[in-house]
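Below: one structure, written as structure tokens.
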Amino acid sequence: MTDRLIAAAVAARAHAYAPYSEFAVGAAIRDEQGRIHAGCNVENAAYPQGVCAEAGAISALVLAGGRRITEVVVVGGGDGLCSPCGGCRQKIREFAAPDVVIHVCGADGTLRRSFTLDELLPHSFGPENLA
Ligand code: THU
């Protein structure tokens, strides 16, 4: 199952628009119906306006009517782990339970590490805080 998610993230990464950082990222998320939604990073000449791959995938999930994230894959190049940035951890948090697994892969889809959301964003603030 995770294989399909990884393949979707690798395919999404090929569409990344990253002329400034030249750091292409792909992300894929599974929703509560088992559907896969993917995204790539889209940079901008006004640098802070760029959006991360995870944000694109979450937008696709919401557009398709999804409301829960059940698994995440992020694919990026370089030697280091391409783990979600702080902002994306919080964006994932909105739709995911603490035990949801986030897989971090190399550019070719090789699995490097897997984390739970709670490991990446402990003691987080979420919708329940506003209930
Ligand atoms: N980036 C992502 O899209 N996701 C991540 O998890 C880490 C970083 C993007 C943002 C920017 O376009 C480029 O990678 C370099 O930071």
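Start at 1 and go down the list; that is how both ligands and their atoms are numbered.
- One side chain, Asp108 or Thr110, offers a donor N or O that lies under 3.5 Å from an acceptor on the other.
- In the vicinity of Ser83, heavy-atom distances shorter than 4.0 Å reach the ligand 1 atoms 6 (O).
- With contacts defined as side-chain heavy-atom distances shorter than 4.5 Å, the pair Cys105/Val73 qualifies.
- The Val25 neighbourhood of ligand 1 comprises atoms 1 (N), 2 (C), 3 (O), 4 (N), 9 (C), 14 (O), with distances under 4.0 Å to a heavy atom of that residue.
- With a 4.5 Å cut-off on side-chain heavy atoms, Ile6 and His103 do not count as touching.
- Near Glu43, the atoms of ligand 1 lying under 4.0 angstrom from a non-hydrogen atom of the residue are 11 (C), 12 (O), 13 (C).
- Shortest non-hydrogen contact noted between Ala8 and Ala38 is O-CB, 4.1 Å.
- In this structure, Phe95 and Asp31 have side chains that are not in contact, with every pair of non-hydrogen atoms separated by 4.5 Å or more.
- Between Val72 and Leu117 there is no side-chain heavy-atom pair separated by less than 4.5 Å.
- Near Pro84, meaning under 4.0 Å from any of its heavy atoms, are these atoms of ligand 1: 6 (O).
- Listed by atom number, the atoms of ligand 1 under 4.0 Å from Ser21 heavy atoms are 13 (C), 15 (C).
- Checked by atom type and distance alone, the side chain of Glu43 pairs as donor or acceptor with a backbone atom of Ser21 at under 3.5 Å.
- Per-residue contacts place Cys52 under 4.0 angstrom from the following atoms of ligand 1 (heavy atoms of the residue considered): 1 (N), 2 (C), 3 (O), 4 (N), 10 (C).
- Ala53 N, 2.9 Å is the protein heavy atom nearest to atom 3 (O) of ligand 1.
- Contacts between Cys88 and ligand 1 below 4.0 angstrom, taking non-hydrogen atoms only, are absent altogether.
- Remark: atom 12 (O) of ligand 1 lies closer than 4.0 Å to at least one protein heavy atom.
- Checking only distances, Val51 never comes within under 3.5 Å of ligand 1, N or O to N or O.
- With salt bridges taken as basic N to acidic carboxylate O contacts below 4.0 Å, one links Glu128 and Arg93.
- Per-residue contacts place Glu54 under 4.0 angstrom from the following atoms of ligand 1 (heavy atoms of the residue considered): 2 (C), 3 (O), 4 (N), 5 (C), 6 (O).
- Counting protein heavy atoms only, atom 9 (C) of ligand 1 is closest to Asn41 ND2, 3.5 Å.
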